[in-house]
Amino acid sequence: QKQEERQRMEETLRQDRSRYLSLKELQENYEGYEQGVRSILLKKREEEGRWGGVFGTVADILEPEPRYEAPLEAVLGQRLQYLIVESGREGREAVTFLKQESLGRGSFVPRAVHGTGNGNHAAEDGKPRPLKNYVKVKEEFYPIADFLIGDVGVVDNWEEALRWLENENGFGTLVTLEGDVFERSGVITGGSRDLGLSLLERKREIRELEGKVREKEE
């Protein structure tokens with residue numbers, strides 16, 4: 001019985017380890033990132049000294065609860081691939097490098113970004129929930145999270161979103177749990193989601209598989 005149990009566990013471990021290693025390889029090669037962003041991140045790996053002022057992408061500093069992955073992805077979109085830099089100087093140097101080498105484009109956000117979002121929304125029963133309450137943020141990057149999602153509220157459905165957009169003192173942007181985005185300007189973004197793992201889902205699955213593999217090995 002123990003041998004059978006061990007064989008079952010080893011097979012599951014083999015599958016988990018194989019999935020983990022393939023996802024890890026995709027992550028380490030920055031698959032799914034824009035060409036310019038990928039070029040900078042690969043260069044940083046080769047020349048850490050030169051690119052020390054680049055800290056990674058916005059996707060690297062945000063860890064949403066699983067239920068709030070879709071809303072966060074929907075609201076941020078390509079901004080998840082913004083590269084975080086120490087200051088505007090590093091951003092300008094990176095843009096110059098991409099132009100000289102014809103390596104594509106990228107967006108760069110300073111760590112102490114100016115014009116932070118309206119992050120003073122309190123969580124109240126019956127009202128839209130502040131998205132940032134469901135997202136872990138690496139401590140030194142709070143200003144960036146506040147800038148990007150400080151004025152975003154989460155609602156359960158369209159009807160709720162449309163009702164709350166009429167409230168002048170409400171959030172600037174509302175997003176449903178399915179990922180439909182409503183902006184106070186009147187812009188609506190939605191539709192079916194892309195197939196395949198998103199950047200945030202991939203990072204979460206890597207974390208989960210790492211734990212599973214370690215547990216099964218023990």
Side-chain angles (χ1 to χ4, degrees), residues 23-24 26-27 30 32-34 37 41 54-86 106-158 160-161 164-165 167 169-184 187-191 193-194 196-211:
L23 287 176
K24 192 79 173 162
L26 289 175
Q27 183 63 29
Y30 304 111
Y33 288 83
E34 292 177 343
V37 175
L41 291 171
V54 176
F55 301 110
T57 65
V58 166
D60 295 329
I61 67 162
L62 303 176
E63 189 181 313
E65 294 178 16
R67 190 178 183 216
Y68 293 89
E69 270 173 8
L72 185 62
E73 287 266 2
V75 165
L76 291 184
Q78 288 303 107
R79 287 177 292 181
L80 282 169
Q81 296 194 32
Y82 280 9
L83 281 161
I84 300 168
V85 290
E86 182 62 53
S107 296
F108 304 86
V109 57
R111 180 159 62 168
V113 63
H114 300 302
T116 52
N118 176 16
N120 299 319
H121 298 289
E124 297 179 45
D125 289 344
K127 290 190 175 182
R129 309 178 290 282
L131 178 58
K132 69 176 191 176
N133 287 8
Y134 304 95
V135 181
K136 276 188 197 169
V137 182
K138 289 189 178 176
E139 193 171 339
E140 63 269 36
F141 299 111
Y142 280 148
I144 292 175
D146 197 41
F147 171 68
L148 292 173
I149 59 172
D151 198 23
V152 179
V154 182
V155 292
D156 292 331
N157 52 53
W158 278 49
E160 226 180 307
W164 283 107
L165 278 179
N167 181 345
N169 299 318
F171 292 91
T173 300
L174 292 174
V175 58
T176 66
L177 288 170
E178 286 189 342
D180 296 315
V181 183
F182 298 78
E183 297 177 33
R184 193 168 289 284
V187 175
I188 299 175
T189 306
R193 294 186 65 197
D194 294 335
L197 287 180
S198 67
L199 296 180
L200 294 177
E201 286 172 327
R202 185 167 73 192
K203 284 176 177 295
R204 173 172 56 81
E205 192 169 345
I206 286 172
R207 286 195 303 271
E208 289 173 352
L209 284 169
E210 206 165 22

A.B. asks: Examine the side chains of Ser198 and Glu73 and answer whether a donor and an acceptor come within less than 3.5 Å of each other.
C.D. replies: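 The answer is yes; a qualifying pair exists.
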A.B. asks: Could you walk me through whether Val155 and Val175 pass the side chain to side chain contact (heavy atoms under 4.5 Å, CB included) check?
C.D. replies: CA-CA 6 Å; Val155 292; Val175 58; over 6 Å; no
A.B. asks: Let me confirm one number: the CD1-OH distance from Ile61 to Tyr142, rounded to the nearest 0.5 Å.
C.D. replies: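 Atom-to-atom, Ile61:CD1 and Tyr142:OH are 10.5 Å apart.
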A.B. asks: Would you say that Tyr82 contacts Thr57 through its side chain, given a criterion of any heavy-atom pair below 4.5 Å between the two side chains?
C.D. replies: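 Counting from C-beta outward, Tyr82 and Thr57 never come under 4.5 Å.
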A.B. asks: For residues Ala74 and Gly179, report the shortest heavy-atom separation together with the two atoms involved.
C.D. replies: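 In terms of heavy atoms, the two residues are closest at CB-O, 3.1 Å.
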A.B. asks: Testing the basics here: between Leu177 and Tyr68, what is the closest heavy-atom pair and its distance to 0.1 Å?
C.D. replies: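 Heavy-atom minimum between the residues: CD2-CE2, 3.8 Å.
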A.B. asks: Would you say that Thr176 contacts Pro71 through its side chain, given a criterion of any heavy-atom pair below 4.5 Å between the two side chains?
C.D. replies: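 No; the side chains remain at least 4.5 Å from each other.
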A.B. asks: Can you tell me how far NZ of Lys127 sits from CD of Glu160, rounded to the nearest 0.5 angstrom?
C.D. replies: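 Glu160 atom CD to Lys127 atom NZ measures 12.5 Å (nearest 0.5 Å).
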A.B. asks: Does Glu34 offer a backbone N or O that forms a donor-acceptor pair with the side chain of Gln81 under 3.5 Å?
C.D. replies: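 Yes, the answer is positive, given that a donor and an acceptor are paired below the 3.5 Å cut-off.
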A.B. asks: Between CG of Leu41 and CG of Leu83, what distance do you get to the nearest 0.5 Å?
C.D. replies: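 Answer rounded to 0.5 Å: 5.0 Å.
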A.B. asks: Other residues, nucleotides and ligands only: do more than 12 of their heavy atoms fall within 6.0 Å of CD on Glu140?
C.D. replies: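 Atom CD in Glu140 is crowded, with more than 12 foreign heavy atoms closer than 6.0 Å.
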A.B. asks: Quick one: closest heavy-atom pair of Leu174 and Ala161, and the distance?
C.D. replies: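 Here Leu174 and Ala161 meet closest at CD1-O, 3.4 Å.
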A.B. asks: Nearest 0.5 Å, please: how far is OH in Tyr134 from CZ in Arg129?
C.D. replies: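 These two atoms lie 5.0 Å from each other.
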A.B. asks: Drop me the distance from Leu62's CG to Ile149's CD1, to the nearest 0.5 angstrom.
C.D. replies: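 These two atoms lie 6.0 Å from each other.
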A.B. asks: Can Lys138 and Asp60 be counted as an ion pair, charged N to O under 4.0 angstrom?
C.D. replies: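 No, Lys138 and Asp60 are not salt-bridged.
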A.B. asks: Verify whether the ring centers belonging to Phe182 and Trp164 lie closer than 6.0 Å.
C.D. replies: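 No, the ring of Phe182 stays outside the 6.0 Å limit from the ring of Trp164, centre to centre.
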A.B. asks: Measure the shortest side-chain to side-chain distance between Gln27 and Ile206 over non-hydrogen atoms and say whether it is less than 4.5 angstrom.
C.D. replies: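 With C-beta onward as the side chain, the pair touches.
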A.B. asks: Pick from Val109, Val113, Leu76, Leu72: which one makes a side-chain contact (heavy atoms from CB on, under 4.5 Å) with Leu148?
C.D. replies: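 Testing Leu148 for a side-chain contact (heavy atoms from CB on, under 4.5 Å) against Val109, Val113, Leu76, Leu72 leaves exactly one candidate, Leu76.
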A.B. asks: Could you state the interatomic distance from CG (Leu23) to CD (Glu201), rounded to the nearest 0.5 Å?
C.D. replies: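 These two atoms lie 11.0 Å from each other.
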A.B. asks: Could you tell me whether Arg184 sits above the aromatic face of Phe171, with NZ or CZ closer than 6.0 angstrom to the six-membered ring centre and within 45 degrees of the axis?
C.D. replies: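 No, Arg184 does not lie over the aromatic ring of Phe171.
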A.B. asks: With the threshold set at 4.0 Å, does a side-chain nitrogen-carboxylate oxygen contact exist between Lys203 and Glu63?
C.D. replies: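 No salt bridge links Lys203 with Glu63.
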A.B. asks: In terms of side-chain geometry, is the basic nitrogen of Glu69 or Arg204 positioned less than 4.0 Å from the acidic oxygen of its partner?
C.D. replies: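 Answer for the salt bridge query: yes.
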A.B. asks: Could you tell me if the side chain of Val58 sits less than 4.5 Å from the side chain of Phe141, heavy atoms only?
C.D. replies: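 Side-chain contact under 4.5 Å: no.
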A.B. asks: Side chains of Thr173 and Val181: closer than 4.5 Å at any heavy-atom pair?
C.D. replies: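 Sidechains of Val181 and Thr173: in contact.
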